[in-house]
Amino acid sequence: MNISIQKVSAENLKPKPDENNLGFGKYFSDHMFTMTYRDGAWQKGAIEPYGNFSINPASMVLHYGQAIFEGLKAYRGKDEQIYLFRPKDNLARFNRSAARMCMPEIDIDEVYAGIRQLLEIEQDWVPSAKGATLYIRPTMIATEPALGVRPAKEYIFFVILSPVGAYYPEGFNPVKIFVTDKYVRAVRGGVGEAKTAGNYAASIMAAIEAQAQGFTQVLWLDACDRKSIEEVGTMNIFFVINDELITPPLSGSILPGITRDSVLKIAREWGLNVVERNITIDEVIGASENGSLQEVFGAGTAAIISPVGSLYYKDQEIVVNGGKTGELSQKLFDDLQAIQFGYKDDVKGWVDVL
Ligand SMILES: *Cc1c(COP(=O)(O)O)cnc(C)c1O
């Protein structure tokens with residue numbers, strides 16, 4: 001792709017943050033990728049110094065919320081090389097989100113080439129500290145200045161980079177989850193399967209109420225009966241019951257996670273009993289009571305695998321595996337991490353080297 005490149009001069013590069021204290025989403029690299037859409041077409045992309053946008057207060061995203069994003073990571077792993085995990089699957093999902101929100105789709109190959117060029121310039125921002133990564137955030141917003149609910153005619157697509165710390169610097173810490181039947185995340189026919197900004201705005205109140213009571217995250221139930229399990233926070237969820245690995249099906253209200261898909265494929269390869277089916281909170285309680293509930297874990301790019309130590313539902317606490325990380329959770333985490341950091345042979349064609 002023919003993209004223009006404007007680099008920050010050497011003396012104006014930002015000092016790198018302490019790799020052992022990165023947290024999540026606090027620091028941003030020196031450059032970003034931008035591309036605008038107008039007159040019915042994407043214009044030439046650019047790599048330019050990271051900085052503010054100037055947008056019109058009537059920009060349609062500020063009023064009607066046409067905004068979508070993605071989240072993937074660059075991993076510094078084996079032989080100090082930089083690896084990407086299923087990056088084109090993220091861009092394909094970005095286009096599905098775009099279609100759902102009536103936003104223009106991007107050319108996956110061209111944008112991927114632009115992201116690779118950006119990463120090459122920003123290589124030094126990919127941390128080396130154990131478990132730390134460079135988070136990649138592609139985003140699109142509607143910028144046409146106009147009031148009226150309809151698809152905008154102008155957009156900015158951009159990619160910013162943020163070095164992030166290991167999710168579990170001291171090893172796994174199984175989380176306490178609050179099962180909400182007061183709030184819902186998404187409804188079938190809505191936009192739950194799109195990575196669109198409004199879904200996250202809508203989820204904040206439930207999360208802060210749960211956190212105020214000492215829980216890490218919320219488990220979402222379906223919007224109709226408030227019984228079927230959907231997701232945990234911003235992760236997909238898995239249960240091990242009677243040696244069967246169960247995850248809710250992609251019903252339209254669930255975000256189709258790439259980690260979810262990877263877990264399913266790996267588990268099937270290992271010969272496990274894997275099912276995508278509806279599972280209710282009552283079934284989980286029943287399994288806990290009869291001793292067949294073995295493990296619960298979340299799966300997503302940020303944490304990879306997040307073991308659930310307990311679920312709290314209607315004044316009842318369901319402790320999972322004695323509050324400890326399950327065997328399968330640990331094994332999946334280790335395997336996925338080994339693939340993502342390039343230590344394990346990439347037999348599935350999931351990993352790209354920068
Ligand atoms: C991004 C996201 C996930 C996880 O998707 P990955 O591709 O595995 O990172 C799950 N649920 C929600 C709501 C999400 O936004």
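Whatever order the structure lists them in is the order used to number ligands and atoms, beginning at 1. Side chains included, hydrogens not; waters and symmetry mates left out as well; all remaining heavy atoms used. This is a predicted model, so every value here is computed, not measured.
- When hydrogens are left out, the protein atom nearest atom 9 (O) of ligand 1 is Thr301 OG1, 2.5 Å; that is the closest non-hydrogen contact.
- Nearest protein heavy-atom neighbour of atom 3 (C) of ligand 1: Thr234 O, 3.3 Å.
- For ligand 1, the polar-atom distance check finds an N/O of Tyr200 within less than 3.5 Å of one of the ligand's N/O atoms.
- With hydrogens left out, the protein atom closest to atom 8 (O) of ligand 1 is Thr259 OG1, 2.6 Å, a heavy atom.
- By the 4.0 Å N-to-carboxylate-O rule, Asp261 lies close enough to Lys265 to be salt-bridged with it.
- Annotation: cation-pi pair Lys331/Trp270 present, NZ/CZ under 6.0 Å from the ring centroid and within 45° of its normal.
- Val232 and Ile304 are assigned to two separate hydrophobic clusters, defined by single-linkage of ILVMFWY side chains at heavy-atom distances under 4.5 Å.
- The Asn236 neighbourhood of ligand 1 comprises atoms 10 (C), with distances under 4.0 Å to a heavy atom of that residue.
- A salt bridge does not link Arg96 with Glu193: none of the charged nitrogens is closer than 4.0 Å to a carboxylate oxygen.
- With ring centers used as reference points, Tyr27 lies 6.0 Å or more from Tyr50.
- Those atoms of ligand 1 that come under 4.0 Å of a heavy atom in Gly257, given as number and element, are 5 (O), 6 (P), 7 (O), 8 (O).
- Under the 30°/60° scheme for interplanar angles, the aromatic rings of Phe178 and Phe215 are found to be tilted.
- Using 4.0 Å as the threshold, Arg93 has a heavy atom nearer than that to some atom of ligand 1.
- Among all non-hydrogen protein atoms, the one lying nearest atom 11 (N) of ligand 1 is Glu231 OE1, 2.5 Å.
- Of the N or O atoms in Ile258, one or more lie within a sub-3.5 Å distance of an N or O in ligand 1.
- Ranking the protein heavy atoms by distance from atom 14 (C) of ligand 1 puts Lys195 NZ, 3.0 Å first.
- Distances from atom 13 (C) of ligand 1 to the heavy atoms of Glu70, Arg260, Lys73, Arg185 put Arg185 nearest.
- Around the NZ atom of Lys130, the shell of radius 6.0 Å holds no more than 12 heavy atoms that belong to other residues, nucleotides or ligands.
- Here Met235 has backbone heavy atoms under 4.0 Å from ligand 1, and that is the only part of it that gets that close.
- Summarising the geometry of Tyr135 relative to Glu70, their closest heavy-atom pair is OH-O, 4.3 Å, with the distance given to 0.1 Å.
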